[in-house]
Amino acid sequence: MTGITAGAVAAATARPPGSRRSSRRRARLRESLVGYSFAAPNLVLLGVFLLYPLGLAAVLSFSRYSGFGAPAWIGIGNYADLLSDAVFWRALANTTVFTIATLVLSLGLGLALAVLLDKPLPGRPVFRTIVYAPIVVSGVASGLIGVLIFDENTGVVDKALIAAGLPAVPWQSNGTAAMVAVILMTVWGRTGFNMVIYLAGLQGIGPELYEAAELEGAGAWQRFRSITFPLLGPSTFFLLIMNVIYSFQVFDLVFVLTGGGPGNATTMLTTFAYSEAFTTRMQGYAAAIGMVLLVLMLGFAAVQWRLNRGRDVTE
């Protein structure tokens, strides 16, 4: 009799399945509202200072606008003009060469320094700080430092070359030399960041893997090729995306160091867009250049994401 009574009470007090599902939905809704309330300030800032200006730039890229008066809608006219603009193609080629060169050099040096400074060396913290220090220097300051180093008349490099009995390099009047100067200053500024990311990746590789490989007779190069480099894949993927985005957006260093010259030899897409927007006052045309730059960066990021998807997933 007692068992029957207890079962009846339990059945009477139990919630119906529909009520439990409704309660779970309300709980999930409350959790979502709490999460969005914390994210709301950042979402508002993101919308006001990024998405809204981006939308305006996209609309402006289909217009002829000089900064005064109302924009005149011309459809794809700006994009059609880009296809026949020799300076645009030169800027695109310069940006591509600059991106590839800085990517290879800064990633290679960053990885080499990370492997070296991951070992117990005397004064290791000091060397890490010295290598990382340039990343905190602004692009304008880096450009000014580059002027002091590579100026044809008063630069440190040319003075050293002349003192050694070698001919001076025309850093400002020769297009190739000017591009080399821009690349070297960029590599100087980016290597420290790459080194720190690679160091973080190296800290996550268990020493037992190297010990097992060494017991199997693997040399230093074999251990690096078979263990270190593959396991640094997620770090390399992150650095590829970040460095390419930075290279496509580089402006201040180039603007201060070379101004895009000589003869558009160091003109990048960003400096070309700036010149069109604020020198020739073709702001709709400059917006179209910006949209092309955005599409290129998003396309590269999408390709890299697809190629590297799942590589950092461990069993």
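Atom CZ of F224 is separated from atom CG of L232 by 7.5 Å, given to the nearest 0.5 angstrom. One finds the CG atom of L82 at 10.0 Å from the CG atom of L92 (value rounded to the nearest 0.5 Å). Note that CG of L107 is 11.0 Å distant from CD1 of I197, once rounded to the nearest 0.5 Å. If you take CG on L60 and CG on N78, they are separated by 8.0 Å, rounding to the nearest 0.5 Å. The line from CE of M195 to CZ of R190 is 13.0 Å long, rounded to the nearest 0.5 Å. Taking CG from L111 and CG from L116, the interatomic distance works out to 11.0 Å, rounded to the nearest 0.5 Å.
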Quiz item: Given Y198 and T236, is the side chain to side chain donor-acceptor pair (under 3.5 Å) satisfied, shown in steps?
Solution: CA-CA 8 Å; Y198 274 131; T236 302; 3.0 Å; yes

Quiz item: Are W73 and R64 close enough, and set up right, to give a side-chain contact (heavy atoms from CB on, under 4.5 Å), and what steps lead you there?
Solution: CA-CA 6 Å; W73 182 267; R64 181 178 288 111; over 6 Å; no

Exercise. Begin with the C-alpha distance, continue with both residues' side-chain angles, and end with the deciding distance and a verdict on ring pair (Phe, Tyr, Trp, His ring centres under 6.0 Å) for Y79 and F62.
Key: CA-CA 8 Å; Y79 295 96; F62 295 100; 5.4 Å; yes

Exercise. Begin with the C-alpha distance, continue with both residues' side-chain angles, and end with the deciding distance and a verdict on side-chain contact (heavy atoms from CB on, under 4.5 Å) for L109 and N194.
Key: CA-CA 8 Å; L109 286 173; N194 298 338; over 6 Å; no

Quiz item: T267 and N94: side chain to side chain donor-acceptor pair (under 3.5 Å), yes or no, with the steps?
Solution: CA-CA 7 Å; T267 297; N94 289 341; 5.2 Å; no

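Residues V156 and L148 have side chains not in contact (no heavy-atom distance under 4.5 Å, counting atoms from C-beta outward). Inter-residue side-chain proximity for R90 and F272 is flagged as unmet; no heavy-atom pair is nearer than 4.5 Å. Using a 4.5 Å cut-off on side-chain heavy atoms (C-beta onward), Q172 and T258 make no contact. The side-chain heavy atoms of S106 and W188, taken from C-beta on, include no pair separated by under 4.5 Å. Inter-residue side-chain proximity for M268 and F251 is flagged as unmet; no heavy-atom pair is nearer than 4.5 Å. Here the side chains of V250 and T271 are not in contact, with every heavy-atom distance at 4.5 Å or above. Side-chain contact check for V157 versus V169: every heavy-atom pair is 4.5 Å or farther apart. No side-chain heavy atom of V140 sits less than 4.5 Å from a side-chain heavy atom of L253.
Closest non-hydrogen pair, L83 versus W89, comes out as O-NE1, 2.9 Å. Contact record, F300 with I241: CE2-CD1, 4.1 Å, taken as the closest heavy-atom pair. A pairwise comparison of heavy atoms in G189 and P134 identifies CA-CB, 4.0 Å as the closest pair. In terms of heavy-atom proximity, I205 sits nearest to L209 at CG2-CD1, 4.2 Å. Across every non-hydrogen atom of G47 and P53, the tightest pair is O-CD, 4.2 Å. When every heavy atom of L269 is checked against every heavy atom of T95, the shortest pair comes out as N-OG1, 3.1 Å.
For the residue pair E152/S173, the side-chain donor-acceptor check at 3.5 Å is satisfied. Checked by atom type, the side-chain pair T102/S247 shows a donor-acceptor distance below 3.5 Å. Inspection of the Y210 and T228 side chains reveals an N or O donor paired with an N or O acceptor under 3.5 Å. In summary, the side chains of D151 and W171 do not present any donor paired with an acceptor at a separation below 3.5 Å, with no hydrogens or angles considered.
Ring-centre distance between F255 and Y274: below the 6.0 Å cut-off.
Of the possible polar contacts, none joining the T191 side chain to the G110 backbone as a donor-acceptor pair under 3.5 Å is found. In this structure a side-chain-to-backbone donor-acceptor pair under 3.5 Å is present from T280 to E276. Looking at N243, its side chain does come within 3.5 Å of a backbone N or O of L239 through a donor-acceptor pair.
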Which pairs of donor and acceptor atoms, one on a side chain in residues 281-293, lie under 3.5 Å apart (sequence neighbours left out)?
| residue | atom | partner | partner atom | Å |
| --- | --- | --- | --- | --- |
| R281 | NE | S66 | O | 3.2 |
| R281 | NH2 | S66 | O | 3.3 |
| Y285 | OH | D85 | OD2 | 2.6 |

Using a 3.5 Å cut-off and no angle test, enumerate the donor-acceptor pairs between side-chain atoms of residues 117-130 and protein atoms at least two apart in sequence or in another chain.
| residue | atom | partner | partner atom | Å |
| --- | --- | --- | --- | --- |
| D118 | OD1 | Q203 | NE2 | 2.7 |
| R124 | NH1 | D118 | O | 3.1 |
| R124 | NH1 | K119 | O | 3.0 |
| R128 | NE | L117 | O | 3.4 |
| R128 | NH2 | L117 | O | 2.9 |
| T129 | OG1 | P125 | O | 2.8 |

